[in-house]
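Order of appearance sets the numbers: ligands from 1, and atoms from 1 within every ligand.
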Amino acid sequence: MLGIILLGPPGAGKGTQAKKISGEFAIPQISTGDMLREAVKNGTEMGKKAKAFMDQGGLVPDEVVIGIVKDRLQAPDCGKGFILDGFPRTIPQAQALDRVTSDLKKEIRVVLSLEVDETELMERLCGRRTCTGCGAMYHVKFNPPKAQGKCDKCGIALIQRDDDKEETIKTRLINYKKMTEPLLQYYKGTGKIRSVMATGDIGAIYANIANILR
Ligand code: AP5
Ligand code: MG
Ligand code: ZN
């Protein structure tokens with residue numbers, strides 16, 4: 001059971017690396033951010049509740065995200081393992097995850113802590129573009145698409161995320177420090193945490209991660 005937690009601030013590359021891990025190790029990426037954005041897009045009750053928190057750069061209430069992850073982990077494609085991208089983000093979420101994995105007889109094998117300094121995070125998030133079709137991620141400077149504004153894989157238009165505005169990014173970074181950073185300490189106690197320098201070439205960072213996972 002290859003259960004992986006990707007921990008790191010907004011813009012650290014959790015989504016970028018999760019997609020690579022998912023491709024090679026054939027386990028699903030579980031991104032609470034992606035699932036919440038999908039719920040907002042579909043106008044579900046949960047989406048309506050979550051939107052206000054997300055637009056302000058705040059965290060969605062614990063019970064909402066815990067419920068999403070608990071359901072998702074029971075899907076058949078999580079049988080061999082899973083990559084948690086953006087969950088847990090608070091101590092109560094981590095405690096709930098411990099209970100859920102134990103109930104479902106699943107195991108977290110490793111917690112990868114992606115480390116990037118704050119000025120680079122800001123630059124990454126301001127320049128991020130996402131494909132509305134397949135979810136592929138680009139950066140106007142660091143990882144540009146071949147044709148401007150269009151996805152390399154499906155040719156569909158790229159958009160900027162609603163919460164990637166400078167003011168909202170600042171709030172997200174503050175909330176990360178306050179609510180999520182304490183998880184580093186929480187997982188140090190388990191001996192499962194591995195820190196990964198997450199600046200520089202995306203492929204080189206992935207090579208380090210893949211080495212840890214193998
Ligand atoms: P979420 O979608 O999880 O956003 P986040 O944590 O802020 O992280 P990001 O997705 O912005 O960054 P990333 O680490 O995935 O980086 P990426 O690979 O895209 O959450 C959004 C919101 O949902 C939250 O604010 C909250 O409201 C809510 N939410 C979600 N989960 C929650 C939870 N558990 N509890 C409560 N609320 C929750 O990379 C960023 C950019 O950098 C891209 O453009 C990429 O191309 C580029 N890049 C990547 N790697 C490199 C590199 N090595 N060098 C240069 N550029 C790079
Ligand atoms: Mg992401
Ligand atoms: Zn695409």
Side-chain angles (χ1 to χ4, degrees), residues 5-21 29-40 46-47 49-69 72 83-94 96-97 112-116 120-145 147 149-164 168-176 179-180 183 196-206 208-209:
I5 295 175
L6 283 180
L7 210 58
K14 300 182 295 294
T16 302
Q17 297 297 335
K19 289 190 169 60
K20 289 183 167 291
I21 300 169
Q29 170 192 11
I30 301 180
S31 161
T32 41
D34 287 349
M35 289 190 278
L36 290 167
R37 278 185 290 279
E38 189 64 25
V40 170
M46 186 179 73
K49 249 207 273 177
K51 188 177 184 333
F53 296 100
M54 297 172 79
D55 283 350
Q56 285 169 21
L59 292 184
V60 173
D62 285 336
E63 65 271 16
V64 176
V65 279
I66 290 167
I68 300 180
V69 172
R72 182 64 185 85
I83 308 154
L84 291 171
D85 158 7
F87 181 93
R89 249 182 165 85
T90 64
I91 298 280
Q93 289 180 23
L97 178 65
L112 298 170
S113 164
L114 304 185
E115 309 201 359
V116 180
E120 172 146 356
L121 295 175
M122 186 54 90
E123 201 182 354
R124 284 188 187 183
L125 292 174
C126 290
R128 171 167 55 190
R129 299 292 182 272
T130 313
C131 173
T132 47
C134 71
M137 233 126 36
Y138 298 89
H139 189 282
V140 290
K141 189 164 128 197
F142 303 132
N143 182 23
K150 278 194 188 142
C151 179
D152 291 352
K153 291 175 192 141
C154 57
I156 290 176
L158 303 180
I159 54 150
Q160 185 164 26
R161 239 166 71 175
D162 286 343
D163 59 349
D164 281 348
T168 318
I169 296 170
K170 279 187 190 151
T171 311
R172 285 160 62 201
L173 290 170
I174 290 168
N175 281 324
Y176 171 78
M179 311 294 286
T180 310
L183 290 179
V196 177
M197 284 304 146
T199 44
D201 182 64
I202 291 174
I205 297 165
Y206 176 68
N208 281 335
I209 290 177

Among all protein heavy atoms, pick the one closest to [atom] and tell me residue, atom and distance.
| atom | result |
| --- | --- |
| atom 22 (C) of ligand 1 | Met54 CE, 3.9 Å |
| atom 7 (O) of ligand 1 | Arg172 NH2, 2.8 Å |
| atom 37 (N) of ligand 1 | Val60 N, 3.1 Å |
| atom 28 (C) of ligand 1 | Leu36 CD1, 3.7 Å |
| atom 13 (P) of ligand 1 | Lys14 N, 3.5 Å |

Measure the shortest side-chain to side-chain distance between [X] and [Y] over non-hydrogen atoms and say whether it is less than 4.5 angstrom.
| X | Y | answer |
| --- | --- | --- |
| Gln17 | Ile202 | yes |
| Met46 | Ile68 | yes |
| Cys126 | Ile169 | yes |
| Leu59 | Val65 | no |
| Met35 | Ile30 | yes |
| Gln160 | Arg129 | yes |
| Asp55 | Asp162 | yes |
| Arg172 | Asn175 | no |

So is there a nitrogen or oxygen of [X] less than 3.5 Å from a nitrogen or oxygen in ligand 1?
| X | answer |
| --- | --- |
| Arg89 | yes |
| Pro88 | no |
| Pro10 | no |
| Thr32 | yes |
| Gly13 | yes |
| Phe87 | no |
| Asp85 | no |
| Asp201 | no |
| Ala12 | yes |
| Gly11 | yes |

For ligand 1, note which part of [X] has a heavy atom under 4.0 Å away: side chain, backbone, both or neither.
| X | answer |
| --- | --- |
| Asp164 | neither |
| Thr16 | both |
| Tyr138 | backbone |
| Leu59 | both |
| Ile205 | side chain |
| Arg161 | side chain |

Practice item. Return yes if some donor-acceptor pair links the side-chain N/O of Arg124 with the main-chain N/O of Ala12 below 3.5 Å, else return no. Key: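 Side chain of Arg124 to backbone of Ala12, a donor-acceptor pair under 3.5 Å: yes, one is there.
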Check your understanding: With distance as the sole test, does Thr32 use its side chain to make a donor-acceptor pair with the main-chain N or O of Gly86 at under 3.5 Å?
Key -> yes
Review point. Under the side chain to side chain contact (heavy atoms under 4.5 Å, CB included) criterion, do Thr16 and Asn143 qualify, and how do the steps go?
Key: CA-CA 11 Å; Thr16 302; Asn143 182 23; 5.7 Å; no
Measuring from atom [atom1] of [X] to atom [atom2] of [Y], what distance do you get when rounded to the nearest 0.5 angstrom?
| X | Y | atom1 | atom2 | result |
| --- | --- | --- | --- | --- |
| Leu158 | Thr132 | CG | OG1 | 7.5 Å |
| Leu84 | Gln93 | CG | CD | 10.5 Å |
| Lys14 | Leu7 | NZ | CG | 8.5 Å |
| Arg161 | Leu125 | CZ | CG | 7.5 Å |
| Lys170 | Leu121 | NZ | CG | 14.0 Å |
| Gln29 | Ile21 | CD | CD1 | 9.0 Å |

Practice item. Consider ligand 1: state whether an atom of it lies below 4.0 angstrom from any non-hydrogen atom of Gly8. Key: no
Exercise for review: Mark the output for Arg37 as yes if a heavy-atom distance to ligand 1 is under 4.0 Å, and as no if none is.
Suggested key: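 In this structure, Arg37 qualifies as a contact of ligand 1 - some heavy atom is under 4.0 Å.
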Which atoms of ligand 1 sit under 4.0 Å from any heavy atom of [X]?
| X | result |
| --- | --- |
| Gly58 | 25 (O), 26 (C), 27 (O) |
| Ile202 | 50 (N), 51 (C), 52 (C), 53 (N) |
| Gly15 | 13 (P), 15 (O), 18 (O) |
| Leu125 | 11 (O) |
| His139 | 44 (O), 46 (O) |
| Gln93 | 33 (C), 34 (N), 35 (N), 36 (C) |

Just to be sure I'm reading this right: ignoring hydrogens, which of [options] gets closest to [atom]? Compare them by their nearest heavy atoms.
| atom | options | result |
| --- | --- | --- |
| atom 55 (C) of ligand 1 | Tyr176, Phe142, Phe53 | Phe142 |
| atom 53 (N) of ligand 1 | Ala204, Gly200, Gly127, Cys126 | Gly200 |
| atom 50 (N) of ligand 1 | Arg128, Arg124, Glu120 | Arg124 |

Exercise for review: Could you tell me which non-hydrogen atom of Leu183 sits nearest to which non-hydrogen atom of Thr90, and how far apart they are?
Suggested key: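 Taking Leu183 first and Thr90 second, the nearest heavy atoms are CD2-O, 3.6 Å.
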**Study point:** Lys19, NZ: over 12 other non-hydrogen atoms inside 6.0 angstrom
**Key:** yes
Check your understanding: What angle, in degrees and rounded to 10°, do you get at the Zn ion (ligand 3) when you join it to SG of Cys154 and to SG of Cys131?
Key ->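 My answer is 100°, to the nearest 10°.
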